[in-house]
Every structure is written in structure tokens, then in C-alpha cells.
Amino acid sequence: MAECAIARCGSYEGDEVRRVLLECIGKTGFPSVEGRSVLIKPNILSDAPVEKAVTTNPVVVAELIGILRDKGASRILVGDSPGLQGPLFKPVQCGIADVVDKTGTEWVDFTKDNRTHGLYCGMKVSMAGVVDKVDIVISVAKFKTHQLMFSTGCVKNMFGLVPGLNKSPMHLKAPSREEFAKVINGIFAESHTDYALMDAVIGMEGAGPANGHQRKIGYILASADAYAVDYAEAVMMGYQRRQMPIINEAVSRGLTDIGSYSYPILKPQDLVINGFERIEDRKTNLFSALILPYFTRLFGRKKEKLRAAPKFNSSCILCRRCVAICPAKALKVVDKAVRIDERLCIRCYCCHEMCPVGAITVEDNT
């Protein structure tokens, strides 16, 4: 049975965060860390200012480090790799670099010392070698929506083990939600994640995971089963099972069992957020959900074309991050504006995630 603790946390005051973390950890099979090395993997999609709620809050990371120290961890490392990671990247604006420095922990550069992993979906991928060298891996995610996968949590957080632009081609090889879910679950299986925490004190609704709106949620979630945390998150957001592609794929492979989840503190079904702004799948129906995938296998990948293409508005600052990240090479700058070739676009929304000014929107996506 996988126990998932959901406890109220009203602020990022250090004492409150530590108290709630200890409450959750005490009820959910937290691994023994005494004398062991631990990797903390926060969600650092980009080095955005903390007030934008794009990243795991630094107070959560700091208090977790303190707890690990108190429990006798011999070595604590923190690391992540954004999609457009530059040389010697450190998460300065989001405050996590300062936490690493002040606590005397180690920041890990995921672009170094990599190893190729074979995923069960048949794909090979380069991943940060540190996961093979530490004893314990902890995913510390952020409560956020996700334009492609509806929500993003502790399982998808481990996609950050793939360094920098190595992530981009994987969208090209797996353009549908169902195919990409296999990739994410394959990476998660190779990550050897031992425990999962979610910062849901302040979350993101709307056009996540980078350009949505802050929303006070007021909880911290924790479990030894990362899927249990992500399922609780999706339920709290108000999603239906059809809108949980990563969890559904994991269930089909026997990687998790929703029926085994228990909630020793609060139940997610009692915490559904009124008026939460979700990513909608307005075109999902019996045909697109059950019948179309069979035609897709027989006649080629067409399903992803039902999703709306991203749109570029006048607030674009021509930083060209979208052009750099696009796996399909569907974007280029023409006459001082970003232009999209919708025939090439695979609707992965990497451009949307990377835009620093919210100049890219997605309307009526499925």
C-alpha cells in the first residue's frame, strides 16, 4: 500500500515548512538516510524569480536539507538541468543556488559525467550520471499545470535528469501524449527515485508549467510512491482519469496501482480546488480517446495534429529561445518576428515552456 500524505502548509515560513515536512515524512515510509548520500532533484524549469512560482520554492529545499542533516545523511547534493542550460548553470534567481551555498551542500552539473540509458519504450537517452552514484534520490516537484501533459509532478520532474537540449529530440520521437508518457515513465524508472515531495503551498494554474498564474494552494504532498503524489495533485486540480496520461501508462505497465493509495492525513477527493484553471481537452471524445489511436498506428501519426498550434503575440522580445528549443525546427525569425510552420509543428509546446515573457499562447488544445 502506498501512503500519500497531504498536509496543510499556509506559508513559506521555515518553521512551518519544516513542521509539515516532518509530519508528512513521518507517515509515508521515508527512507533511512543515515550515513548515506542523497540527491535532491527540485523542479527548475528555468531560473525564474521565486515569485513566479515556476520552480520549487527554495525554503522547501532548505528545510528538506536541514531534515536530511538531522537524520544523518553523509552527503547531500542538489541538481537539475533546464531545457536551455548554459555553461556552469546555477539557479540564482529562483533562490536555490543561495540555499546550496548557505547550507554547504553540493550543486551538481547534469551536463557532466552522463551515461546512456535504454528505456523500456525502446529509446536510448543520456542521463545525469549522479543517479548511479548516490544512495537516495528525492524528487521535489512543484504543483503546476502542464500544457502537454495536463499536470506536471514528481514523476515528470525527473525528466530534468536529461541534460539541456538532449530533451528536445525526445518530443520529436514521441509527439503524442501517450507516447511521451512512455518516455517519461521510462526515464523515471531509470532514475531510481526513492521518495517524492511536492511544493503545493503556492502553485500554478492556467498556462503552465511556465506562463500560468500563481495560486495559493496551501499544502505539501509526500509519498514513497511518486505516482501517488501526482495522482493526488491531478485530483486536487479537478482532472479526470483520461487527463492523467503518465499515470495511466504507468498503471497499464504495472508500475503503480491507484487502488493501493491511502491518505493518512487528508484525502485529495476532499481537496478539489474550486474554479482551478486547468488545461482542457475539449476535443476529447469516444472517437479520439479509443478509436483514433488504432488508426494512428496503422496510418501514421496524425493524432498530435488535433492539438492546437502555439500562437505568437506582439510581446515577443526575439530572445530566440523558442527557436533553439524546437525539436521539429518549425520556428524561424522572419522580418523581426517568429514564424511557425504548422505543418512541421508537433505540438510539444516546448516553445511555450521556454518563453520568458508569455508571448506564446495555446488555445483550445486537446
Side-chain angles (χ1 to χ4, degrees), residues 43-49 52-55 81-85 94 141-153 156-157 159-160 162 164-172 174-177 179-181 183-184 203-215 237 239 243 245-246 276-283 303-333 337-366:
N43 183 336
I44 309 176
L45 177 68
S46 65
D47 190 18
K52 290 192 173 182
V54 171
T55 65
S81 180
L84 289 176
Q85 177 177 348
C94 68
K142 186 74 170 177
F143 189 101
K144 297 191 295 182
T145 49
H146 192 277
Q147 198 74 58
L148 178 62
M149 305 306 284
F150 298 110
S151 60
T152 183
K156 190 177 181 300
N157 185 40
F159 191 36
V162 179
L165 283 171
N166 287 281
K167 302 179 188 71
S168 188
M170 301 170 79
H171 283 282
L172 190 62
S176 75
R177 284 190 173 111
E179 291 170 316
F180 193 59
V183 172
I184 294 300
M204 181 180 289
E205 64 180 352
N211 292 300
H213 317 296
Q214 287 187 53
R215 175 140 184 181
M237 287 180 172
Y239 284 119
Q243 299 161 312
I246 294 173
F276 189 84
E277 187 179 342
R278 298 183 295 271
I279 305 298
E280 296 295 345
D281 59 342
R282 298 181 181 91
K283 295 179 183 176
K303 187 177 180 183
E304 63 270 18
K305 295 305 181 186
L306 292 177
R307 300 196 299 267
K311 305 295 183 184
F312 295 76
N313 61 47
S314 59
S315 62
C316 175
I317 59 173
L318 285 180
C319 68
R320 292 176 168 79
R321 293 184 187 183
C322 57
V323 177
I325 200 73
C326 180
K329 306 303 179 188
L331 303 176
K332 60 182 178 180
V333 176
V338 176
R339 306 296 183 189
I340 181 170
D341 186 336
E342 293 192 9
R343 297 169 301 174
L344 296 177
C345 175
I346 62 171
R347 280 67 168 170
C348 65
Y349 309 127
C350 289
C351 57
H352 177 269
E353 290 186 21
M354 288 296 107
C355 182
V357 294
I360 302 173
T361 56
V362 179
E363 298 177 359
D364 194 26
N365 73 305
T366 73

Between [X] and [Y], what is the shortest heavy-atom contact and its length?
{"X": "Gln214", "Y": "Ala53", "result": "CG-CB, 3.8 Å"}
{"X": "Gln243", "Y": "Ile279", "result": "NE2-O, 4.3 Å"}
{"X": "Glu205", "Y": "Glu277", "result": "OE1-N, 2.9 Å"}
{"X": "Cys351", "Y": "Leu331", "result": "CB-CD1, 3.9 Å"}
{"X": "Ala330", "Y": "Cys345", "result": "CB-N, 3.7 Å"}
{"X": "Ile360", "Y": "Cys355", "result": "CD1-CB, 3.9 Å"}

Side chain proximity check, [X] to [Y], heavy atoms < 4.5 angstrom:
{"X": "Val323", "Y": "Val333", "result": "yes"}
{"X": "Pro209", "Y": "Glu353", "result": "yes"}
{"X": "Ile184", "Y": "Pro245", "result": "no"}
{"X": "Phe180", "Y": "His171", "result": "yes"}
{"X": "Leu148", "Y": "Arg307", "result": "yes"}
{"X": "Pro310", "Y": "His352", "result": "no"}
{"X": "Phe159", "Y": "Thr152", "result": "no"}
{"X": "Lys329", "Y": "Leu344", "result": "no"}

Donor-acceptor pair, side chain of [X] and main chain of [Y], under 3.5 angstrom:
{"X": "Tyr239", "Y": "Ser151", "value": "no"}
{"X": "Ser81", "Y": "Gly164", "value": "yes"}
{"X": "Thr55", "Y": "Ile44", "value": "no"}
{"X": "Asp47", "Y": "Cys94", "value": "yes"}
{"X": "Ser168", "Y": "Ile325", "value": "yes"}
{"X": "Lys144", "Y": "Val54", "value": "yes"}
{"X": "Thr145", "Y": "Gly206", "value": "yes"}

Residues Glu342, Lys311: salt bridge by 4.0 Å N-O rule:
yes

Rounded to the nearest 0.5 Å, the CD1 atom of Ile246 sits from the CE atom of Met149 at a distance of 4.0 Å

**Prompt:** Given Met354 and Leu45, is the side-chain contact (heavy atoms from CB on, under 4.5 Å) satisfied, shown in steps?
**Reply:** CA-CA 8 Å; Met354 288 296 107; Leu45 177 68; 4.1 Å; yes

- [ ] Could you tell me whether Arg215 sits above the aromatic face of Phe143, with NZ or CZ closer than 6.0 angstrom to the six-membered ring centre and within 45 degrees of the axis?
- [x] no

Kindly determine whether Arg177 and Phe150 satisfy side-chain contact (heavy atoms from CB on, under 4.5 Å), including the steps that lead there.
CA-CA 10 Å; Arg177 284 190 173 111; Phe150 298 110; 3.5 Å; yes

| field | Check against side-chain contact (heavy atoms from CB on, under 4.5 Å), Lys52 and Met204 | value | CA-CA 9 Å; Lys52 290 192 173 182; Met204 181 180 289; 5.9 Å; no

